[in-house]
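Note that the structure is a prediction, hence the values are computed from the model and not measured. All chains are named by letter (A, B, ...) in the order of the sequence lines, taking the proteins before the strands, and each is independently numbered beginning at 1.
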There are 4 protein chains.
Amino acid sequence: MQSRTPAGGRTPAGRTGRPRSAAADAAILAATREALVELGWSGLTLGDVALRAGVAKTTVYRRWQGKSELVTDALATLFDELVLPDRGSLRADIEGVVLQFARLLEQPATKTALMAVVAEATHDEALRGRIREKIVGRQKRLVVEGRRRAQQRGEIPDDSTDPGPQIDLIFDVIAGAVVHRTLVSCEPVDTDWAARFTTVLLDGLAVAGG
Amino acid sequence: MQSRTPAGGRTPAGRTGRPRSAAADAAILAATREALVELGWSGLTLGDVALRAGVAKTTVYRRWQGKSELVTDALATLFDELVLPDRGSLRADIEGVVLQFARLLEQPATKTALMAVVAEATHDEALRGRIREKIVGRQKRLVVEGRRRAQQRGEIPDDSTDPGPQIDLIFDVIAGAVVHRTLVSCEPVDTDWAARFTTVLLDGLAVAGG
Amino acid sequence: MQSRTPAGGRTPAGRTGRPRSAAADAAILAATREALVELGWSGLTLGDVALRAGVAKTTVYRRWQGKSELVTDALATLFDELVLPDRGSLRADIEGVVLQFARLLEQPATKTALMAVVAEATHDEALRGRIREKIVGRQKRLVVEGRRRAQQRGEIPDDSTDPGPQIDLIFDVIAGAVVHRTLVSCEPVDTDWAARFTTVLLDGLAVAGG
Amino acid sequence: MQSRTPAGGRTPAGRTGRPRSAAADAAILAATREALVELGWSGLTLGDVALRAGVAKTTVYRRWQGKSELVTDALATLFDELVLPDRGSLRADIEGVVLQFARLLEQPATKTALMAVVAEATHDEALRGRIREKIVGRQKRLVVEGRRRAQQRGEIPDDSTDPGPQIDLIFDVIAGAVVHRTLVSCEPVDTDWAARFTTVLLDGLAVAGG
DNA sequence: CTTTAAGCGAGACGGTACGTCTAGTCTTGTT
DNA sequence: AACAAGACTAGACGTACCGTCTCGCTTAAAG
């Protein structure tokens, strides 16, 4: 039995035989993203991905256990695009991250894949771990970074207690609101909505009205 | 061509032929909920649902176009359980709805089905409409009702401008945060989290810290 | 339970209630012949026959037990066309019946139906009886009649022993040869073949050569 | 697109991929013969054949287009059992082939299948060709061989004109009579009938009486 | 001139097989 | 060893027909 992970840096370890093709990894992930756009999650088949990638089905199964794992990794490559430039204020930074995240979720591959792997993960512990590691973790760092900047600017107090729970809370509120607006309510996240959301988040309903 | 919707109240219209069995409708929806719990979305088969319901496969397909439509309707019956008792204050009402929604999402049938139908809906306009009509719309009324009570109590101003956008925003923030916490971050929504979330929502980060 | 036979002359028997429509019987048999031509045996469905006849499926099943019985009766109406005019000699009479039978078997409805009901009859005793009664019997009378004429003309001796076995033999040789030539070997039965066949039948291989 | 014919000798041709299992071919044909005996033509299903053969349904459909083609090939394996030992005279050879053919047609698998594939063939040109190639052609060689022997013995003249039409005629008379007697008239072909049939065939009605 | 019992068109019903598709695995020969 | 190709088992897919049933309406003969 072999390792069933992408090729990166395994061949150096004193293995014999033909090394795995790194080109195949890339081709498969690209084909997966392409197929997600055209067919959606439920229409995507590993046989079709292999065909698009110009690769045998065995070559896909040698690296990934199944559809969920492959799509999770393909999705991760899309989340790598997220960055958060410093816009000078906490309000601007929040609006920035909201809009950037919304733009990511507007891509057909992202929206169809994200909900699908989350759905699969509800009854697959290993997949939950993979999603947390490769997708959720990456986004959470943006919240940590934004908070650090706001504290440096003095916009929020530099609380000495464990900030973890509060970071998790804010992360769920921001990401959850954008995802829900985009995918469940199916409404666009534009600059106006981002501004109104940021106002509620910063000032609360008591002040903002509701 | 026939209607492909559940039986409710179509027979009265001077139709000929044997009327559809209302008992079959109920049995199929119950079997769907049961199968969702045991098998999850991806393991659920319409053939198996028919078997559990003691019904022929054709009887399922006569009423629903496919898995997504059937599960959406089964899911809607679960969301119908949501009610919002008046707990005396806006803060208590929000905490109440958060906890009740979280409890709904902890049920295996709900969590596995909700994300899956949303994923399918990303490339199926008709399904988006069905979700909006049967699930999202029904929940939004809870927000409208909570807001009305808070205004009656004087907790928030009785704004005369169109409240629609603000209601949508609050709905997405509350539902999104709970869904994201539960299904993406995979952390429990307990009374402590509900209290902290409500504080952020009512008072904002500037006051609550973050 | 009702009689499950076509309508003819049952209503007189002191029955109450609406009598069966004789028009429906005829329409169903006509639709069956039509469908046999277009779709062949295996493509023919009773639902489609009912549709073509402008009749409900129940109306078909009330009269016939199934496809085999219905097609057998439809086939019998085609075999009713067979007649054998006196052509003045045994040789001419045989050539006449061969050509007329061949012309019947060239009709698409006949050829496709005859073999099919015979195939079904191999494992259905009741169907064998129905075929013998409605189809085979009718043809055999032609052989009896031809033999009687030949004896009157003095072409063959007026044997006093039981002629049954010999009639059966000649019937199987004539009908079998035509059916086999037409449907199994798929070659046409023309006047030349009919003449050569008649020569062998009358004079034998020893004289005719072979 | 692949060939949809049994496995025999295709792999040698410099093909890639796993070769088709010859064992599967044999198991499927054996299962088909078995199922024909138990269920008859109309009761036979390709799914059941696959089950009996211990093979997946796709493995059957990869080799045969459908029921008719599969049964034709299974039937051909039964007709391969026919041989014609030299019994010393034309009369004895004819009686021998008649009885042997009759014995073949008494097997449940043969009788139910032969008529059924002929019925299907009436509206399927390709199937007609397959039957001619695999079944009719093989039997015709028995007539050719019997004729050659009779000529060597001097029982019939060694005609120099094209013997094809006469062979076809005799073949249709013999095979047709036996098939018709067995399957349409549903009477047994015993030694007595075989002797009377042979007398008519050799000496003709004018001598044999009729 | 009403009963009344059966026939009728329509179409839903529980079943079963269809022929196709995909999942994952296995078996070739080649690189 | 990995690779491309493609056959393999297993089983769900959505459709079509089967033969039965349940409706409400029609139709003729019996009372």
**OP:** Looking only at side-chain atoms of B/Ala56, point me to the closest of E/dG15, E/dC13, E/dG19.
**Re:**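 The closest nucleotide is E/dG15.
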Enumerate the protein-to-nucleotides 29-31 of chain E contacts in which both atoms are nitrogen or oxygen and the separation is below 3.5 Å.
| residue | atom | partner | partner atom | Å |
| --- | --- | --- | --- | --- |
| E/dT31 | O2 | A/Arg18 | NH1 | 3.2 |

**OP:** Assign each of D/Gln65 and B/Arg63 to its nearest nucleotide of DNA chain E by heavy atoms, then name whichever residue's nucleotide is nearer the 5' end.
**Re:**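 Looking at the nearest nucleotide for each, B/Arg63 comes out on the 5' side.
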Subject >> Nucleic acid contacts of residues 43-54 of chain A, taken as heavy-atom distances under 4.0 Å to DNA chain F >> reply: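 Residues of residues 43-54 of chain A under 4.0 Å from DNA chain F: A/Gly54.
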**OP:** Step by step, work out the side chain to side chain contact (heavy atoms under 4.5 Å, CB included) result for A/Leu29 and A/Trp64.
**Re:** CA-CA 11 Å; A/Leu29 286 172; A/Trp64 287 278; 4.0 Å; yes
Length of the [atom1]-[atom2] vector between [X] and [N], whole Å:
| X | N | atom1 | atom2 | result |
| --- | --- | --- | --- | --- |
| A/Arg20 | F/dA2 | CZ | P | 5 Å |
| C/Trp64 | F/dG19 | CH2 | C1' | 16 Å |
| A/Asp25 | F/dA2 | CG | C1' | 12 Å |
| D/Ile28 | F/dA7 | CD1 | P | 13 Å |
| A/Tyr61 | F/dA5 | OH | P | 17 Å |

Subject >> With sequence neighbours excluded, residues passing side chain to side chain donor-acceptor pair (under 3.5 Å) with B/Thr59 >> reply: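 B/Thr59 satisfies side chain to side chain donor-acceptor pair (under 3.5 Å) with no other residue.
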Subject >> C/Lys57 (side chain) and F/dG19 (base): donor-acceptor pair under 3.5 Å >> reply: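 Indeed, a donor on one side and an acceptor on the other fall under 3.5 Å apart.
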Compare side-chain N and O positions of [X] against OP1 and OP2 of [N] and report whether any pair is under 4.0 Å apart.
| X | N | result |
| --- | --- | --- |
| C/Arg62 | E/dG9 | no |
| D/Thr59 | F/dT9 | yes |
| B/Arg4 | F/dG14 | no |

**OP:** Measure the shortest side-chain to side-chain distance between C/Glu120 and D/Ser42 over non-hydrogen atoms and say whether it is less than 4.5 angstrom.
**Re:**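 Yes, their side chains come closer than 4.5 Å.
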Sequence-distant partners of [X], side-chain contact (heavy atoms from CB on, under 4.5 Å), two or more places apart:
| X | value |
| --- | --- |
| B/Lys67 | B/Trp41, B/Leu44, B/Leu46, B/Val71 |
| C/Asp124 | C/Glu69, C/Ala126, C/Leu127 |
| A/Ala53 | A/Ala27, A/Ile28, A/Ala31, A/Val55 |
| C/Thr45 | C/Asp48 |

Original post:
Considering heavy-atom distances to DNA chain F, does A/Ala22 or C/Thr58 have its closest nucleotide positioned more toward the 5' end?
Top reply: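 Looking at the nearest nucleotide for each, A/Ala22 comes out on the 5' side.
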Subject >> Residues forming a salt bridge (charged side-chain N to carboxylate O under 4.0 Å, His left out) with A/Arg128, sequence neighbours excluded >> reply: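 A/Arg128: salt bridge (charged side-chain N to carboxylate O under 4.0 Å, His left out) contacts with A/Glu125.
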Original post:
Who passes salt bridge (charged side-chain N to carboxylate O under 4.0 Å, His left out) against D/Arg130, sequence neighbours left out?
Top reply: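 For D/Arg130, the residues satisfying salt bridge (charged side-chain N to carboxylate O under 4.0 Å, His left out) (neighbours in sequence not counted) are D/Asp73.
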Original post:
Just checking C/Lys67: base, sugar-phosphate only, or nothing, at a heavy-atom cut-off of under 4.0 Å?
Top reply: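 No contact.
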**OP:** Indicate, with a heavy-atom threshold strictly under 4.0 Å, whether C/Ser21 touches base, sugar-phosphate, or nothing.
**Re:**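 Here C/Ser21 touches the backbone only, sparing every base.
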